[in-house]
Amino acid sequence: MKMEKTQAYTRILELRGIIDEANRRYYVENAPTISDRDFDFLMKELEALEREYPEFDSPDSPTHRVGSDLDATVQKEFKQYPHKYQMLSLGNTYDISEVVDFSDRASRLLPGKNFTYSCELKFDGTAICLSYSKGRLVRALTRGDGQVGDDVTANVKKISNIPQSLKGGNYPEEFEIRGEIYMPYSAFDRLNEERTRDEEQPFANPRNAASGSLKLLDSAEVAKRGLECTLYHMVGEALPFKTHSEALDAAQSWGLPVSDKRRICKTIGEIQDYINYWDTERKALPFATDGVVIKVNELEYQKDLGYTAKFPRWAVAYKFKAEQALTQVKSIDYQVGRTGAVTPVANLDPVLLSGTTVKRATLHNEDQMRLLDIRIGDYVYVEKGGEIIPKITSVELSMRNAALKAPEFPKVCPDCGCTLVKDEDEAKWFCPNREGCPTQIKGRLVHFVSRKAMNILAGDATIDQLYALGLVKSPADFYGLDKASLLRLEGWKDKMAERFLKSIDASRNTPFENVLFALGIRYVGETTAKVIARHFGNVDAIAAASLEELRETEDVGDVIAESVYNFFRNEANINDIARLRAAGIHLAAEREETAGDALDGKVIVITGTYSVPRDRMKKIIEENGGKSSSSISSKTSFVLAGEKPGPEKMKKAEELGVKVISEEEFMAMIHPAQNPVQNSEQNGEPAPAESQAVTQQEKIYKIGEQMSLFGDEE
């Protein structure tokens with residue numbers, strides 16, 4: 001049934017928000033919240049709606065860009081460089097009929113030409129691009145946003161199966177080779193055992209562990225993580241190969257790690273046989289795989305088929321259906337979170353799934369329990385979609401004992417006994433006893449000390465002990481601890497106590513945006529905390545803000561605004577903040593060095609694509625005294641329009657009489673005495689070599705140098 005236009009537009013905006021957040025969680029935080037399969041279905045729904053309603057399509061849409069592992073909201077820890085050749089992702093399918101369609105389409109576009117397919121396993125890790133010059137590794141870049149990546153060369157050199165010098169002498173003078181860095185199951189299990197022992201949050205899956213390890217600042221630590229690499233695609237000028245498989249065979253002869261699970265197929269039947277074989281045999285592999293990649297093997301025909309905005313037309317990825325296991329529900333626990341939300345969790349008969357043993361699976365909320373119609377004692381199917389958090393997908397009713405009864409969701413808090421409450425628009429039940437519920441209190445303390453908050457060396461076990469002894473009941477209590485108190489904790493010695501106190505002392509220098517996140521305000525995540533902290537500047541301004549002022553903050557809606565407003569009108573919270581202030585905690589943002597004041601007081605809306613990533617453009621606006629806004633209003637100073645600007649924003653600007661300027665005019669405004677596209681090389685880095693995209697890449701590089709895009713940032 002066809003949607004109304006307003007419904008379609010609302011759903012398009014909703015999908016873009018969900019997908020952007022999922023991309024950030026996956027690529028930047030390495031903490032995905034939805035499975036690959038669910039993500040791909042959301043993307044397909046968005047693509048279909050944008051095709052049906054082209055007037056709502058926009059170059060800002062995630063359908064037109066690659067997911068990015070660059071985080072523009074934090075200080076750059078790695079230098080960034082442009083990819084010499086754009087680094088795209090692959091189109092995904094879960095249906096073999098779409099692989100058939102891919103083959104048929106290639107045959108239509110290559111009439112009368114005989115070609116083969118290279119079939120390869122799809123490794124579940126993090127993408128990498130290695131550049132070799134005269135046989136030596138000179139640079140390793142992450143995928144980034146496909147145009148620009150993080151330089152992780154020092155870390156990649158610590159991965160044992162990546163050679164820094166090639167064997168033989170028949171390799172091209174310069175070339176790039178791309179692949180996947182992954183963590184074998186054995187290294188993953190060892191790492192999580194260490195993290196659990198050190199009271200750190202274990203990684204959810206090997207992919208997250210690999211991605212997080214690659215971005216460590218200490219390359220010596222990277223060497224301990226057991227990372228491995230498999231390379232699968234070579235690019236360069238005038239490479240002496242006729243086929244993709246020849247290129248990989250040559251790479252293997254030079255000592256580069258190439259998969260030995262590749263196979264050349266001539267027909268769709270052979271492709272299906274390869275997929276079916278590995279759908280079963282992958283379970284015996286020592287590393288995670290999530291599908292098969294099918295590529296047209298002949299390089300000349302790859303060039304003929306070309307690319308879409310996001311994907312090569314000569315390759316497709318078939319994703320395996322998420323692995324399932326059948327196991328029994330032994331019991332159901334009801335856990336209270338730091339915000340008071342009560343979550344049901346099924347305790348399972350341990351079962352091996354996707355390389356790890358699964359013992360528990362969340363049931364999310366009471367509605368989900370009813371939807372599954374689950375009973376204690378039922379046999380259920382457990383799935384790890386995309387190798388993430390295990391979930392129960394269905395009950396095997398044929399194995400149900402007729403005597404089993406549906407469990408009743410508790411009416412009172414399982415910890416403090418307080419009567420649970422539920423808002424009409426919420427799916428979860430909550431314990432309202434925020435100040436008196438031990439589990440909530442301990443949950444907030446664990447959140448406060450976490451790495452992305454105050455980064456104090458404490459985990460669940462330490463918090464349990466501190467709370468049980470009455471030493472810590474609110475965040476400010478950490479700053480009153482002394483060595484004598486800590487030595488009362490079971491198993492604690494002098495060095496452990498000194499290390500802990502040192503981390504507490506260091507936390508006094510935590511930036512304000514992290515402190516705001518650490519306070520544990522409901523619905524205020526890490527990114528939202530940064531936005532609010534930078535908008536208001538200090539805790540007093542946030543506390544004094546009206547609901548309307550909070551709603552006007554970029555990316556803060558009604559729900560978040562009300563949560564923040566209510567938090568700062570709670571007497572216990574106000575007292576905690578006063579005690580944190582007395583302890584020397586930063587409750588105001590440090591004034592950033594700005595590039596200039598050319599945009600002082602100006603509110604700017606950006607739309608379209610630019611010669612630098614959009615997040616970097618927002619940063620440039622802030623560095624020059626301006627404020628980036630997502631919507632056009634009478635307060636908008638001007639619209640900065642790149643290539644293919646959003647039609648709705650351009651229309652709104654015209655209606656309100658808001659000035660529209662180009663990127664060139666903008667650069668002239670902030671650098672009046674300079675031409676941003678005529679800048680000499682400053683860092684001693686070679687300009688991108690001639691290629692199909694040379695003009696754009698050179699422009700990115702030169703403007704990027706001028707604006708510190710590729711250098712260290714303060």
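- Annotation: the span from N205 atom CG to N208 atom CG amounts to 4.0 Å, rounded to 0.5 Å.
- A distance of 11.5 Å separates CD in E246 from OG in S118, rounded to the nearest 0.5 Å.
- Residues I181 and A210 approach most closely at O-CB, 3.8 Å, considering heavy atoms.
- Using a cutoff of 4.0 Å between basic side-chain nitrogens and carboxylate oxygens, R11 and E45 are scored as salt-bridged.
- In this structure, the separation between CZ on R105 and CD on E98 is 9.0 Å, given to the nearest 0.5 Å.
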Please evaluate residues N297 and S245 with respect to the criterion side chain to side chain donor-acceptor pair (under 3.5 Å), reporting the C-alpha separation (whole Å), side-chain torsions for both, the decisive distance (0.1 Å), and the verdict.
CA-CA 7 Å; N297 191 32; S245 57; 3.2 Å; yes
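- Judged as a side-chain hydrogen bond (donor to acceptor under 3.5 Å, both in side chains), and not counting sequence neighbours, T327 has no contacts.
- Contact check for S253 versus Y171: no side-chain heavy atoms found under the 4.5 Å cut-off.
- A distance of 10.5 Å separates OH in Y85 from NE2 in H233, rounded to the nearest 0.5 Å.
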Criterion side-chain contact (heavy atoms from CB on, under 4.5 Å) on E663 and M617, from CA distance to verdict:
CA-CA 10 Å; E663 181 177 352; M617 189 61 83; 4.0 Å; yes
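- Counting only heavy atoms from C-beta outward, the side chains of K391 and V382 never approach each other to under 4.5 Å.
- Atoms OH and SG, from Y81 and C129 in turn, are 14.0 Å apart once rounded to the nearest 0.5 Å.
- Put simply, the side chain of S107 gets close to the backbone of S103: a donor and an acceptor are under 3.5 Å apart.
- Between K224 and E221, at least one side-chain nitrogen of the basic residue sits less than 4.0 Å from a carboxylate oxygen of the acidic one, meeting the salt-bridge criterion.
- Side-chain atoms of K134 and E173, non-hydrogen and from C-beta on, do get closer than 4.5 Å to each other.
- Classified by interplanar angle (parallel below 30°, tilted 30° to 60°, perpendicular above 60°), the ring pair W254/F175 is tilted.
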Under the side chain to side chain donor-acceptor pair (under 3.5 Å) criterion, do Q272 and Y277 qualify, and how do the steps go?
CA-CA 8 Å; Q272 287 178 300; Y277 175 82; over 6 Å; no
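- Scanning both residues, E120 and Y232, for their nearest heavy atoms gives OE1-CB, 3.7 Å.
- Between L305 and V296, the closest side-chain pair of non-hydrogen atoms falls below 4.5 Å.
- No side-chain donor-acceptor contact under 3.5 Å links T267 and Y117.
- Checking side-chain atoms of E270 against main-chain N and O of K266 turns up a donor-acceptor pair under 3.5 Å.
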Before giving the answer on side-chain contact (heavy atoms from CB on, under 4.5 Å), spell out for V99 and T93 the whole-Å C-alpha distance, their side-chain angles and the decisive distance to 0.1 Å.
CA-CA 7 Å; V99 177; T93 179; 3.9 Å; yes
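- Other residues, nucleotides and ligands contribute only 12 or fewer heavy atoms inside 6.0 Å of the OH atom of Y9.
- For the pair E383 (side chain) and I392 (backbone), a donor-acceptor distance under 3.5 Å is absent.
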Could you walk me through whether K158 and D218 pass salt bridge (charged side-chain N to carboxylate O under 4.0 Å, His left out), step by step?
CA-CA 11 Å; K158 298 296 183 180; D218 183 357; over 6 Å; no
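- In this structure, E180 contributes its side chain and T230 its backbone to no donor-acceptor pair below 3.5 Å.
- Atoms CG and NZ, from D151 and K79 in turn, are 8.0 Å apart once rounded to the nearest 0.5 Å.
- Under the 4.0 Å criterion applied to side-chain N and carboxylate O atoms, D95 and K319 are not assigned as salt-bridge partners.
- Ring geometry for F115 against Y301 counts as perpendicular: the plane angle is over 60°, on a 0 to 90° scale with 30° as the lower cut.
- Below 30°, between 30° and 60°, or above 60°: for Y182 and F287 the angle between ring planes is between 30° and 60°, a tilted geometry.
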Before giving the answer on side chain to side chain donor-acceptor pair (under 3.5 Å), spell out for R139 and T153 the whole-Å C-alpha distance, their side-chain angles and the decisive distance to 0.1 Å.
CA-CA 5 Å; R139 180 161 293 152; T153 310; 5.0 Å; no
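- Contact between V316 and G91 at its shortest, heavy atoms only, is CG2-O, 3.6 Å.
- Counting only heavy atoms from C-beta outward, the side chains of L130 and E176 never approach each other to under 4.5 Å.
- Contacts of T280 classified as side-chain hydrogen bond (donor to acceptor under 3.5 Å, both in side chains), with partners at least two apart in sequence or in another chain: none.
- Remark: side-chain polar atoms of S259 are paired, donor with acceptor, to backbone N or O of K261 under 3.5 angstrom.
- Contact annotation: the side chain of N155 approaches that of F78 to within less than 4.5 Å [non-hydrogen atoms, C-beta and beyond].
- At a threshold of 4.5 Å between non-hydrogen side-chain atoms, the residues I128 and R178 do not count as touching.
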Show your working on side-chain contact (heavy atoms from CB on, under 4.5 Å) between E47 and E52 and close with a plain yes or no.
CA-CA 9 Å; E47 288 170 348; E52 190 172 356; over 6 Å; no
Assess the residue pair S213 and R225 against the criterion (side chain to side chain donor-acceptor pair (under 3.5 Å)); give the C-alpha distance rounded to whole Å, side-chain angles, the decisive distance to 0.1 Å, and a yes or no.
CA-CA 7 Å; S213 298; R225 291 289 177 96; 2.7 Å; yes
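- Across every non-hydrogen atom of K295 and A315, the tightest pair is CG-CB, 3.9 Å.
- N161 places no side-chain N or O within donor-acceptor distance of the main-chain N or O of P257, the cut-off being under 3.5 Å.
- Salt-bridge formation is detected for the pair E174/K84: a Lys NZ or Arg NE/NH1/NH2 atom is positioned less than 4.0 Å from an Asp or Glu carboxylate oxygen.
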Apply side-chain contact (heavy atoms from CB on, under 4.5 Å) to residues T289 and K122 and explain how you reach the verdict.
CA-CA 6 Å; T289 60; K122 186 175 183 297; 6.0 Å; no
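- Using a cut-off of 4.0 Å between Lys/Arg side-chain N and Asp/Glu carboxylate O, R207 and D124 are scored as not salt-bridged.
- You'll find the side chain of P163 stays beyond 4.5 Å of the side chain of L137, heavy atoms only.
- Taking every heavy atom of both residues into account, L285 and L121 meet most closely at CD1-CD1, 3.8 Å.
- Counting non-hydrogen atoms of other residues, nucleotides and ligands closer than 6.0 Å to NZ of K113 gives a total above 12.
- In terms of heavy-atom proximity, L299 sits nearest to T243 at CG-C, 3.7 Å.
- K242 and E300 are not joined by a salt bridge, as no carboxylate oxygen comes within less than 4.0 angstrom of a charged side-chain nitrogen.
- Each of T126, V148, V156, D150 was compared with T142 under the side chain to side chain contact (heavy atoms under 4.5 Å, CB included) criterion, and only D150 meets it.
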